[in-house]
Number of protein chains: 2
Amino acid sequence: MRQKRTTIIDLAKACNVSKTTISFAFNNPERIGKETYDLIMQKAKELDYIPNPAGRNFSLKRKQTIGFLLPQQFEGTFSNPYITQVIQGIGDICTEKDYTLTLIPPFNDNMNDAVYKVSVDGLITMGINVEMDIVESLKRMFIPFVTIDGHPGEDTPSINIDNKAASYDLMKEVLENGHRNIAIVALKESEYEKSMRFESTTQIRLSGFEKALNEYGISLSDPNINIYDEECFIEAGMNVAKQIVKTNKDATCIVCMSDVIAIGCITYLKQNSYKIPQDFSVVGFDNIKTSTIVTPNLTTIMQASIEKGEIAAKTLFDLIDKNEIATIHKILPHRLIKRDSLKKIN
Amino acid sequence: MRQKRTTIIDLAKACNVSKTTISFAFNNPERIGKETYDLIMQKAKELDYIPNPAGRNFSLKRKQTIGFLLPQQFEGTFSNPYITQVIQGIGDICTEKDYTLTLIPPFNDNMNDAVYKVSVDGLITMGINVEMDIVESLKRMFIPFVTIDGHPGEDTPSINIDNKAASYDLMKEVLENGHRNIAIVALKESEYEKSMRFESTTQIRLSGFEKALNEYGISLSDPNINIYDEECFIEAGMNVAKQIVKTNKDATCIVCMSDVIAIGCITYLKQNSYKIPQDFSVVGFDNIKTSTIVTPNLTTIMQASIEKGEIAAKTLFDLIDKNEIATIHKILPHRLIKRDSLKKIN
DNA sequence: ACGCTATAGTAAACCGGTTTTGTAAACCGG
DNA sequence: CCGGTTTACAAAACCGGTTTACTATAGCGT
């Protein structure tokens with residue numbers, strides 16, 4: 001049977017003082033006499049007393065914790081370096097501020113309810129938009145939150161890149177390199193996401209692709225442009241590559257909305273003796289570290305993932321500390337990174 | 001100014017009942033009359049009342065949260081897929097049990113103090129051993145914990161692989177392939193770790209290497225065996241490879257205690273026009289996903305990282321639920337995975 | 001009509017702290 | 001020596017819930 005740790009009352013009794021005095025000893029030492037203070041500290045050491053943070057935080061009406069609402073189950077989240085880097089950025093700021101970071105699972109479709117069962121001072125979310133129930137719910141519960149890669153509405157902070165411009169840049173590069181038969185691998189959306197009238201990141205990026213294609217007189221619905229939907233796993237990327245070589249052999253370039261998928265593609269293609277970029281060019285999105293490790297190195301769009309997390313966390317702490325509503329809509333820079341996985345043809 | 005959310009008292013007043021009744025309505029509906037119940041639920045909806053989890057958990061003397069004590073700063077943790085997979089495993093079990101997972105930064109050298117400022121029902125730690133102060137501290141505070149990759153003492157659960165056997169297997173494979181001039185890249189230990197009399201994972205693995213070497217009549221201190229210490233980053237791996245080609249050109253194989261380092265080595269070597277495994281063989285440890293993505297694929301020791309996290313979490317929940325001390329010392333299987341980064345020579 | 005048992009609700013204690021308010025004794029200047 | 005100010009501590013309220021113990025009323029069988 002586990003023992004109970006010493007409480008403030010235990011210590012107060014041991015010292016023959018009130019619990020007020022104990023509390024002052026730990027938080028306002030100047031308010032009590034030196035001898036009493038010394039006695040309390042000595043007895044505290046003897047009895048292993050450390051103020052219970054749960055009681056303390058409850059009393060202070062804070063949690064000293066912010067939450068990160070996972071955009072998907074743990075597997076998808078933790079196998080995607082882009083997301084783990086975002087978490088790293090958040091975590092670094094939390095460490096600085098002496099807060100802890102709680103990971104909150106996505107709770108499938110009824111996110112709304114379950115979020116309330118966890119207690120945090122604020123929340124960082126990814127990929128949600130203003131139409132989702134959770135936005136309204138969080139506001140109703142007065143839970144401050146900031147959103148990365150999403151559009152939670154005018155009055156709620158968000159951190160994004162210019163996804164349309166970024167995907168335009170990527171597709172333009174592909175087109176400039178002469179590719180005209182292109183497989184696009186989009187990020188699969190849930191039925192829930194699809195039901196939104198609001199444009200998802202996938203749709204925005206598609207529109208960026210479209211803009212570039214249009215400049216070359218090509219429509220998104222052109223028979224030479226094929227769009228696939230895939231989850232964001234290595235294996236999913238391998239899978240879509242398999243499909244592409246089976247059904248769409250004339251494609252010269254595979255444009256992926258995520259490096260993870262792109263790397264999955266490359267891995268599958270190389271395993272099946274295709275040469276990259278000779279047989280297929282492949283480009284990605286995010287510039288995760290692995291994109292410099294695969295052979296060939298991946299042409300991709302860099303976005304500052306750690307910084308995204310850091311800024312999101314800082315913004316959230318502003319919200320929490322100032323106790324007021326900030327409406328920052330930050331657009332971080334992106335950059336096309338040209339490497340070796342995109343071949344110039346014709 | 002942020003509003004306050006509705007409390008149980010607010011709702012009680014609105015319904016003209018006591019807060020006991022409200023509490024029963026949410027937790028023991030059968031104890032109150034149907035009409036009262038309906039009224040409460042209706043008013044609760046009107047006023048957006050949801051029981052405050054902080055108050056609830058405090059009252060129930062639980063936190064509904066377990067902590068993961070990061071083995072190093074966020075950067076090192078989140079750039080190492082082995083660790084993120086462990087976290088994934090822990091997270092999956094937390095999700096099942098409706099707990100959340102809190103990431104606790106390592107607090108540098110005075111881990112002991114800071115751990116108490118976070119409130120969790122239990123803790124999962126990595127790489128600590130029985131001599132570290134934190135073990136004693138956690139016990140004194142009656143915080144249940146289980147340790148992954150460490151030896152926290154007889155009476156505290158641990159999850160490990162047989163590191164000596166695993167490293168023996170790895171080195172034996174290297175030797176069987178004819179390598180005799182070997183660079184070993186060990187995981188760098190802090191001064192604090194070095195001060196322990198207890199063997200660290202690094203030292204245990206070194207002893208496994210030694211055993212294999214001895215079978216070939218080679219001592220660890222042989223001039224052809226060179227040991228390097230490195231942090232566990234890609235860049236650190238690149239760095240050590242640079243050192244090795246500069247000062248130890250005769251080495252034919254680089255044996256790394258982590259895939260991350262091995263991949264860093266390969267990346268550097270390839271960037272500098274060395275051929276792997278023709279110029280250098282490289283082997284790693286952990287079997288992270290990227291080890292199948294680099295070219296050549298990495299020969300390594302597989303250990304079930306996700307499963308480690310899962311088992312650790314399950315064990316911890318047993319401790320928490322049963323409220324008693326379990327002393328499970330689990331040794332999970334490992335496996336040598338032969339791939340293409342190790343060349344047979346002579 | 002009586003006593004017994006359910007039923008439906010309330011009051012109060014409790015979880016472990018913080019903080020406001022109160023108060024006795026010491027101190028102080030004139 | 002008196003009135004006012006400090007000093008050093010304590011009492012009590014509070015944070016938002018749960019739970020134990022208690023009470024009033026209704027329903028029941030006999």
Side-chain angles (χ1 to χ4, degrees), chain A residues 2-41 43-44 47-65 116-121 141-143, chain B residues 2-41 43-44 47-65 116-121 141-143:
Chain A
R2 227 162 33 232
Q3 304 281 315
K4 240 189 46 154
R5 58 193 268 180
T6 307
T7 71
I8 199 171
I9 293 286
D10 300 331
L11 183 58
K13 280 181 188 154
C15 297
N16 275 314
V17 298
S18 72
K19 62 177 185 169
T20 309
T21 306
I22 305 291
S23 179
F24 282 148
F26 280 86
N27 302 305
N28 277 64
E30 68 279 6
R31 284 214 38 182
I32 61 177
K34 170 126 182 42
E35 286 172 27
T36 317
Y37 178 83
D38 289 341
L39 172 68
I40 289 173
M41 286 305 150
K43 287 275 180 194
L47 299 178
D48 287 323
Y49 173 73
I50 291 178
N52 181 322
R56 180 153 215 272
N57 287 334
F58 178 60
S59 174
L60 293 171
K61 290 194 269 194
R62 67 177 190 197
K63 288 92 193 178
Q64 206 67 359
T65 294
Y116 311 127
K117 289 198 297 202
V118 351
S119 65
V120 293
D121 295 311
M141 288 300 124
F142 312 108
I143 298 175
Chain B
R2 231 168 22 238
Q3 303 282 314
K4 241 189 47 152
R5 57 194 266 181
T6 307
T7 71
I8 200 172
I9 294 284
D10 299 332
L11 183 57
K13 280 181 188 154
C15 298
N16 276 314
V17 297
S18 72
K19 63 176 184 170
T20 308
T21 306
I22 305 291
S23 180
F24 282 149
F26 280 86
N27 302 304
N28 277 65
E30 67 278 8
R31 283 217 39 182
I32 61 176
K34 170 123 183 45
E35 286 171 29
T36 317
Y37 177 84
D38 290 342
L39 172 67
I40 289 173
M41 287 305 150
K43 287 276 181 193
L47 299 177
D48 287 324
Y49 173 73
I50 290 178
N52 181 324
R56 180 153 214 271
N57 287 334
F58 179 60
S59 173
L60 293 171
K61 289 195 272 193
R62 68 177 189 195
K63 288 93 192 176
Q64 207 68 358
T65 294
Y116 311 128
K117 290 198 296 201
V118 353
S119 64
V120 294
D121 295 311
M141 288 299 124
F142 311 107
I143 299 176

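Every chain is numbered from 1, with letters handed out A, B, ... down the list of sequences.
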Could you go through M141(B) and I50(A), starting from their C-alpha distance and side-chain angles, then the distance that decides it, and tell me whether this counts as side chain to side chain contact (heavy atoms under 4.5 Å, CB included)? CA-CA 8 Å; M141(B) 288 299 124; I50(A) 291 178; 3.9 Å; yes

[atom1] of [X] versus [atom2] of [N]: gap in Å, rounded?
X	N	atom1	atom2	value
K34(A)	dT7(D)	NZ	C1'	16 Å
N57(A)	dT18(C)	CG	P	10 Å
K13(A)	dC9(D)	NZ	C1'	19 Å

For nucleotides 16-27 of chain D, 5' to 3', base contacts (B), sugar-phosphate-only contacts (S) and non-contacts (-) with protein non-hydrogen atoms under 4.0 Å give BBBBBB------

Tell me, with the steps shown, if L60(B) and R56(B) meet side chain to side chain contact (heavy atoms under 4.5 Å, CB included). CA-CA 6 Å; L60(B) 293 171; R56(B) 180 153 214 271; 4.0 Å; yes

So what does N16(A) touch, heavy atoms closer than 4.0 Å: a base, only the sugar-phosphate, or nothing? sugar-phosphate

Please report the C-alpha distance between T36(B) and K34(B) in whole Å, then the side-chain angles of each, then the deciding distance to 0.1 Å, and finally whether the side chain to side chain contact (heavy atoms under 4.5 Å, CB included) criterion is met. CA-CA 6 Å; T36(B) 317; K34(B) 170 123 183 45; over 6 Å; no

What's the separation between atom CG in D121(A) and atom NZ in K63(A), rounded to the nearest 0.5 Å?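 One gets 5.5 Å once the value is rounded to the nearest 0.5 Å.
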
First locate atom CD1 of I22(A), then atom CG of L11(A), and finally report the distance between them rounded to the nearest 0.5 Å. 4.0 Å

May I ask you to check whether F26(A) and Y49(A) place their ring centers less than 6.0 Å from one another? yes

Here DNA chain C, pairs taken as Watson-Crick or G-U under 3.5 Å and shown with ( ), [ ] when crossing and | when to another strand, reads ||||||||||||||||||||||||||||||

Against the six-membered ring of F24(B), is R31(B) placed for a cation-pi contact (under 6.0 Å from the centre, within 45° of the normal)? yes

Does any donor atom in the side chain of T21(A) or S18(A) lie under 3.5 Å from an acceptor atom in the other side chain? yes

